[in-house]
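To start, the structure itself, in structure tokens.
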Amino acid sequence: MNRLHPLSAAAYALQYGFLWLSVASILTLLLGGIFDAIESAWVPIAAPVGLVVGAAYGIAYYYRFEYGITPDTFDVASGVLARRSREIPYERIQNVDVRQGVFQRLLGLAVVSIETAGGGSTEAALNFVSESEATRLQHQIRTRTAEVKDRRRGRGRPDASATDEASSDAEAERTNAATDLDEPALDADGPTAEPESTDDTTTSDSEPVSAGRDRVTGPDPRGPRRQHLFALEARELLLYSFTSFRPAAVAALLGLFFLATDLAIELLVSAARPFGGPATLGEGSTASYGILTVVSIVNGVVSAYVLSVVYTFAAYYDFRLGRAGGDFVYERGLLQRYSGSIPVEKVQSVTVTANPLQRLIGYAGLWVETAGYGPESDSGGSQSAVPLAEQGRVHRFTETLTGVESPRFRSPPTTALRRYLARYAIVATLVVAAAFAVAQFTALERWYAAAVVFVAVPPAAFLKYVNLGYYVGEDHLVVRRGFWKRRTTVIPYYRIQTVSTRRSIFQRRLGLASLVVDTASSRSFYWTSPTIYDVDLEDARDVHGTGRKRLQTALRERARADDSGLTIDFT
């Protein structure tokens with residue numbers, strides 16, 4: 001079994017030391033308010049004691065944390081008072097991600113996170129190991145995961161080696177086709193060679209890796225050769241940063257505001273003063289405070305946008321996507337560097353996304369939905385394969401990865417457009433009613449000006465309608481929806497879990513129905529599943545029946561392929 005890097009002991013000592021220092025201080029103050037015998041003057045004594053005890057616990061945790069690679073599992077043992085041992089089978093491992101912050105990169109350290117299929121959180125995290133150890137673990141776990149899958153595919157099959165070789169050749173041809181979508185290429189030899197390492201010998205990360213330790217026989221210990229697929233160019237990175245928005249930027253801005261409330265208010269008052277805002281907070285007319293409110297909103301929006309641009313640029317700097325064996329592998333990040341994988345066999349669907357501004361300039365992004373949890377996922381089980389590129393390039397990439405034919409979308413009936421007009425008219429009516437209610441208790445006089453929102457009803461209904469569509473292909477179901485962020489999702493039939501028909505009261509009156517397509521993607525736990533909205537009931541039944549038949553056909557074909565030793569991959 002191996003230990004973490006020695007600097008992990010210092011990190012755990014500081015982490016638990018400051019934690020116990022805070023707990024001891026707060027507990028002393030709370031007990032001092034309850035019991036007269038305990039005084040607040042004891043805090044200077046309790047705090048150092050908590051710091052020492054916490055630091056000792058952190059060091060003990062370091063010495064009690066061990067990990068190791070075995071032929072069938074990745075083992076982790078941890079815990080000081082309560083001992084916990086985990087054996088993670090390679091066939092359950094989905095991602096082996098490596099993360100490096102600024103200080104970790106300076107010190108040559110990394111955090112290795114191991115995710116399992118269907119997991120809701122990180123199964124095991126190694127804080128911290130050396131960069132070379134992180135690379136070794138990542139490559140060896142990927143290699144052994146591939147070996148387990150190959151053994152499972154070849155078990156009990158005639159001439160399995162020949163069929164596996166044929167499958168590998170077919171896979172290589174598909175990968176080579178994907179590389180035609182991008183010009184630059186990575187080193188054909190893949191990752192830099194790491195020292196050979198062992199299987200089961202007890203070692204420490206602080207010790208040099210010896211030539212006879214953790215030696216892997218058979219496959220290249222550096223892992224599968226990496227084939228280049230996509231690299232985010234500088235122009236695309238800038239466009240992606242300026243044409244996308246991260247909701248997390250709003251939360252960060254609010255946090256900064258609450259941490260420096262007085263300073264933030266003074267800055268807002270100073271910014272509003274040239275436009276007629278109040279000279280000082282507490283003095284001024286109603287109109288001046290209205291100007292202050294408008295200036296505050298504008299500043300907030302601009303600041304949140306700037307934070308979003310900076311975050312996106314730093315997060316996706318030097319984004320590269322490749323193919324290594326049965327995984328998509330990616331790297332990205334300026335200050336904090338990420339390196340992870342997306343197992344091909346865990347991919348449930350792919351989604352092409354684009355907001356109005358990106359569509360205006362002819363760009364789009366590509367995301368893959370996976371079964372399981374990934375810590376670097378942007379939302380649920382969704383991970384970026386192509387953050388942003390020209391639409392034609394993204395569409396060719398999508399067709400290469402999925403094999404989907406060019407879709408010919410069908411739109412919902414015009415009855416759905418009437419439904420959206422009625423829906424948005426009701427929303428506009430509620431807005432006017434709210435303005436009228438406010439006018440009854442405030443000095444607001446021209447409440448009826450809120451009726452201007454009715455002007456937006458027809459274009460809003462039309463834009464929602466024209467961005468809906470679906471396509472029932474031979475091997476894939478394609479669903480398109482959304483205006484502000486249009487999503488076009490390609491779902492292979494064999495990945496579909498259920499297709500359910502849903503009808504609200506209003507849909508039943510209009511003879512409409514919606515079809516919800518569920519896959520094993522963990523994104524479904526965070527966002528809604530791909531849905532075909534407001535189609536005729538008969539069309540919904542036809543799509544439902546066709547989808548069920550083609551699902552059964554796809555499953556039978558995959559079963560026959562497995563029996564004959566062939567493999568059908570998502571790509």
Would you mind reporting whether [Y] and [X] have side-chain heavy atoms less than 4.5 Å apart?
{"X": "E233", "Y": "L237", "answer": "no"}
{"X": "V112", "Y": "Q138", "answer": "no"}
{"X": "R550", "Y": "E474", "answer": "yes"}
{"X": "H395", "Y": "V352", "answer": "yes"}
{"X": "Y363", "Y": "P387", "answer": "no"}
{"X": "V499", "Y": "V516", "answer": "no"}
{"X": "L366", "Y": "V350", "answer": "yes"}
{"X": "V386", "Y": "F397", "answer": "yes"}

Distance-only, no hydrogens or angles: does the [X] side chain make a donor-acceptor pair with backbone N or O of [Y] under 3.5 Å?
{"X": "R323", "Y": "F328", "value": "no"}
{"X": "N355", "Y": "L357", "value": "yes"}
{"X": "T546", "Y": "D542", "value": "yes"}
{"X": "D539", "Y": "V535", "value": "no"}

Between [X] and [Y], which heavy-atom pair has the shortest distance, and what is it?
{"X": "L321", "Y": "A385", "answer": "CD2-O, 3.3 Å"}
{"X": "S270", "Y": "P274", "answer": "O-CD, 3.2 Å"}
{"X": "Y316", "Y": "L232", "answer": "O-CD2, 3.7 Å"}
{"X": "P412", "Y": "D534", "answer": "CB-O, 3.2 Å"}
{"X": "L512", "Y": "R503", "answer": "O-NE, 3.0 Å"}
{"X": "S339", "Y": "E331", "answer": "OG-CG, 4.0 Å"}

What is the distance from atom [atom1] of [X] to atom [atom2] of [Y], rounded to the nearest 0.5 Å?
{"X": "T353", "Y": "K485", "atom1": "OG1", "atom2": "NZ", "answer": "5.0 Å"}
{"X": "I491", "Y": "L477", "atom1": "CD1", "atom2": "CG", "answer": "5.5 Å"}
{"X": "T351", "Y": "W367", "atom1": "OG1", "atom2": "CH2", "answer": "10.5 Å"}
{"X": "D518", "Y": "Q497", "atom1": "CG", "atom2": "CD", "answer": "8.0 Å"}
{"X": "H476", "Y": "Y494", "atom1": "NE2", "atom2": "OH", "answer": "7.0 Å"}
{"X": "R486", "Y": "L468", "atom1": "CZ", "atom2": "CG", "answer": "10.5 Å"}

For this session: Evaluate side-chain contact (heavy atoms from CB on, under 4.5 Å) for Y330 paired with R320, printing each intermediate quantity in order.
Result: CA-CA 5 Å; Y330 64 91; R320 291 179 292 171; over 6 Å; no

For this session: Decide whether a cation-pi geometry holds between R410 and Y471; the criteria are a distance under 6.0 Å from NZ or CZ to the six-membered ring centre and an angle within 45° of the ring axis.
Result: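 Here R410 fails the 6.0 Å and 45° test against Y471.
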
Exercise. Is the Lys NZ or Arg CZ of K464 less than 6.0 Å from the centre of Y533's six-membered ring, within 45° of the axis?
Worked result: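 Here K464 passes the 6.0 Å and 45° test against Y533.
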
Do [X] and [Y] get their side chains close enough for a donor-acceptor pair, meaning under 3.5 Å?
{"X": "Q507", "Y": "S514", "value": "yes"}
{"X": "D97", "Y": "S113", "value": "no"}
{"X": "Q358", "Y": "T243", "value": "yes"}
{"X": "R246", "Y": "T312", "value": "yes"}
{"X": "T489", "Y": "R481", "value": "yes"}

For this session: Evaluate whether atom CZ of F245 has more than 12 neighbouring non-hydrogen atoms of other residues, nucleotides or ligands under 6.0 angstrom away.
Result: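 Check passes, neighbour count above 12.
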
Problem set entry | More than 12 heavy atoms of other groups within 6.0 Å of R502 CZ |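 It does not: R502 CZ has 12 such atoms or fewer within range.
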
Exercise. Got a salt bridge between E399 and R396, using NZ or NE/NH1/NH2 to carboxylate O under 4.0 Å?
Worked result: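 The answer is no: the pair does not qualify as a salt bridge.
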
For this session: Check the pair Q100 / Q336 against side-chain contact (heavy atoms from CB on, under 4.5 Å), numbers first and verdict last.
Result: CA-CA 5 Å; Q100 289 182 285; Q336 186 161 325; 6.0 Å; no

For this session: In sequence, state the C-alpha distance, the side-chain angles, and the governing distance for V543 and I532, and then conclude on side-chain contact (heavy atoms from CB on, under 4.5 Å).
Result: CA-CA 10 Å; V543 175; I532 304 174; 4.2 Å; yes

Problem set entry | Y470-F409 aromatic ring centre distance below 6.0 Å |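 So the answer is no for these two rings.
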
Exercise. In terms of ring plane angle, is the pair Y305 and F242 parallel, tilted or perpendicular, where the classes change at 30° and 60°?
Worked result: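 The rings of Y305 and F242 sit tilted, inter-plane angle from 30° to 60°.
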
For this session: Before giving the answer on salt bridge (Lys or Arg N to Asp or Glu O under 4.0 Å), spell out for E236 and R393 the whole-Å C-alpha distance, their side-chain angles and the decisive distance to 0.1 Å.
Result: CA-CA 12 Å; E236 294 168 339; R393 189 179 175 197; 2.7 Å; yes

Problem set entry | Residue pair V98, Y338: steps toward the side-chain contact (heavy atoms from CB on, under 4.5 Å) verdict | CA-CA 6 Å; V98 177; Y338 298 101; over 6 Å; no

For this session: Using ring-ring contact (aromatic ring centres under 6.0 Å, His included) as the criterion, list what pairs up with F436, not counting sequence neighbours.
Result: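 Partners of F436 by the ring-ring contact (aromatic ring centres under 6.0 Å, His included) criterion, ordered by chain and then number, come out as W447.
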
